[in-house]
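Shown next, in C-alpha cells, is the structure this report addresses.
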Amino acid sequence: MASISKTIKKNKQSVAPLLEGSGMIEYAPAPESKSSAKINAKYDLFINGKFEKPLSKKYFDTINPATEEKISTVAEANAADVDRAVKAARNAYNKVWSKMPAKERAKYIYRIARMIQERARELAIIETMDGGKPIRESRDIDVPIAANHFFYYAGWADKLQYAYPNKKIESLGVAGQIIPWNFPLLMAAWKIAPALATGNTVVLKPAETTPLTALKLAEIIQESDLPPGVVNIITGAGATGAAIVNHPDINKIAFTGSTDVGKIIQRAVAGTNKKITLELGGKAANIIFDDAPLDQAVEGVINGIFFNQGHVCCAGSRLFVQESVYKIVLQKLKDRLATLIVGDPLDKNTDIGAINSKQQMDNIHKYLKIGEKEGAEMYQTQCILPKKGFFMPPTLFTNVAQSSRIAQEEIFGPVLTIQTFRTDDEVIEKANNTPYGLSAGVWTDKGSKIFNLTTKMRAGVVWANTYNKFDPTSPFGGYKESGFGREGGLHGLSAYLNV
Ligand code: NAP
Ligand code: MG
C-alpha cells in the first residue's frame, strides 16, 4: 500500500489505472442513469398546495456543480411571496391542521414517508445532480434517513401526551424553516416531519444552490393530498430567508446553516415571541488513542471528513492522534487516501464528488493558503480531477498549531488537520478549544476512556469507535457557537411545542 501513494505522485494520473498490478480492485465506470429523474425546466413556488408564479417575477438558475451545466430555473420569492406563503400556512393551521385528530395527521406523514421510499432513486439522482454529492451517499444516506424521519415522527403524532405525561402541550402555529445546501432533502425532512407531527404548519426555504429535492418533495406532498397550505416550499436566496425570519405572523424559526447567519437571525428575533432553534457550524475533533483498532479508526476518520466532500457540519475536521501511533496512523491515512476516487458524483464508485459551488470552492482554497502561510504542511493526493466542475483532492495538514485558523475555523471542505497528544487531559483541552461544539469522535479499546472523554467534551454528539451515524430516534444539536435546541428523537418534539 505504501508504494501506491508514491506511484500516484510520480505518474500524476487518475487513481483507478494506477491500481493495476497493485493487487487492489480496479473499478469500471458505473454511472447512474439520469433517465429516471424527471426535472422540469422551470419551478414556481409551492404555496397553498399549488405551484404559483412568484409575485417577484424573478427566477434563478440552479446548476450541476460537477458539470457547471444549468439543470433548471427556479422562482425567487420576495417579501410579498413570503407573505402569501405565511398566510396560506396560517389559514391551514387555523382551519384544518390544528383541528385534525392526531391520528389523521399521522396518516399523511406516513404517506409522505412511503412516497419518498417509492421515489428514492429519482430523489437520490436529483440530489446528486443538484448538489454534487456521490450517488452512493444520496442513495444510502440522505434519502433513506429522510424517509425514516417522516416514519419516526408519524409514529409520535398521536402519542405526544405519552412524551409529556401530566403536562399540557400545544402546537406553536406557523414554523418558518431555513435549510443549507449540504443535506437538502434530509434537512427538509428533519424540519418538516416533527413540525407536522406536533400540529404546526410550515413555510420552508431550501438553499439557493440546491432547491430541487425540496421542490420534488413539494410534488410528493401535493400528491399525498396533504391539506393545502400545511406545507409551503418557497425558493430564493438569503433575502428570502430574511423575509421569513422577519415576518410578524411566524411563531417559530428553525434554522440550519452557518454561525454567522445564525447570529443575524438570533438578533432579528430577539424581543419577539418567536421560538427559535439554531443548528450551526462545527469543528469536530476525532481522537485516536494508541489502543484503538487503527485500521478501523483510519477508515472512520476518512468517512468522518471526506464523506460528502467535508460538507458536513459535524465533519471530523480535526484529527488528534496519540503520539506513540502518530507515524503509523499518518501512513495508513495517506495510503487509504490514495485509493479514494474523486470524480463524477453520479458514478457509483465515486468516493468524493463535487464541491457544492464555485463560492465554496474559493472559500476552501482560501483556507489552504492560510494553512500554508501559517506554517502547516499540506499533503494532497495527486489524482487527476475532471476538467469541468468544482473538484479538489482530499487534503491533509500536519504540523498544525492549536491556535492556527485552519484548526479553529470551519472550512467545510475535504480538509483534515492533524495534531498529536500524549494524555487524556491534554486532548480534552485541545478538543474543547474551539468556538464550536457540535460533535466529536473517540477511538479506543477502553470503555473507561470513552466515558471519561464523552463526559468532558463540550459537544452535542460524541461517537465512540464509529463516526457520522445518524438516526431519527437520537437527538442532534450543538454547544457554544454550534447553536441550541435539539432536532431528532423525543427532544426534537419540544422544539415545536409549548409544554
Ligand atoms: P448559510 O449561508 O448560513 O445558509 C443557510 C441558509 O440560510 C440558506 O438557505 C441561506 O440562503 C439562508 N440565509 C442566508 N442569509 C440569510 C439571512 N440573512 N437570513 C435568513 N436566511 C439566510 O449556510 P450554508 O453555507 O448554506 O451552509 C453551511 C453551514 O451550515 C455550515 O456552517 C454548516 O456547519 C452548517 N450546517 C449545520 C448543521 C447542523 O445541524 N448544525 C447541518 C448542516 C449544515 P441561500 O443559501 O439561498 O443564500
Ligand atoms: Mg445546484
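Computed from a predicted model, the values in this text were never measured in an experiment. Both ligands and their constituent atoms are indexed starting at 1 by order of listing. Sequence positions, counted from 1, serve as the residue numbers for this chain.
- Within the structure, side chain to side chain donor-acceptor pair (under 3.5 Å) contacts touching residues 174-195 (residues at least two apart or in different chains) are H149-W190, Q177-Y496, K191-T256, K191-E487.
- Among all non-hydrogen protein atoms, the one lying nearest atom 23 (O) of ligand 1 is S258 N, 3.3 Å.
- Within the cation-pi definition used here (under 6.0 Å to the ring centroid, within 45° of the axis), K133 qualifies as a partner of F183.
- Of the N or O atoms in L280, one or more lie within a sub-3.5 Å distance of an N or O in ligand 1.
- An N or O contact shorter than 3.5 Å links W181 to ligand 1 by distance.
- Between P180, P211, G483, G241, it is G241 that holds the heavy atom closest to atom 20 (C) of ligand 1.
- In this structure, K430 is not positioned above the aromatic face of F421 in the sense of NZ or CZ being under 6.0 Å from the six-membered ring centre and within 45° of the axis.
- Given atom 36 (N) of ligand 1, the protein heavy atom at minimum distance is C313 CB, 3.4 Å.
- Among the atoms of G238, some N or O lies under 3.5 angstrom from an N or O of ligand 1.
- An N or O contact shorter than 3.5 Å is missing between I264 and ligand 1 by distance.
- Q309 pairs in a side chain to side chain contact (heavy atoms under 4.5 Å, CB included) with only one of the listed residues (I355, D351, V342), which is I355.
- Using a 4.0 Å cut-off between heavy atoms, N182 contacts ligand 1 through its side chain alone, with no backbone atom that close.
- Regarding atom 35 (C) of ligand 1, its nearest protein heavy-atom neighbour is G257 O, 3.1 Å.
- Contact between F183 and ligand 1 is absent, with no heavy atom of the residue lying under 4.0 Å from the ligand.
- Annotation: atom 34 (O) of ligand 1 to nearest protein heavy atom, E410 OE2, 2.6 Å.
- In terms of N/O distances under 3.5 Å, ligand 1 is not approached by W190.
- Considering only non-hydrogen protein atoms, atom 11 (O) of ligand 1 sits nearest to K205 NZ, 3.1 Å.
- The pair R121-E32 meets the salt-bridge criterion, with a side-chain N (NZ, NE, NH1 or NH2) lying under 4.0 Å from an Asp/Glu carboxylate O.
- Applying the side chain to side chain donor-acceptor pair (under 3.5 Å) test to every pair with at least one member in residues 454-470, sequence neighbours left out, gives these pairs: N452-K456.
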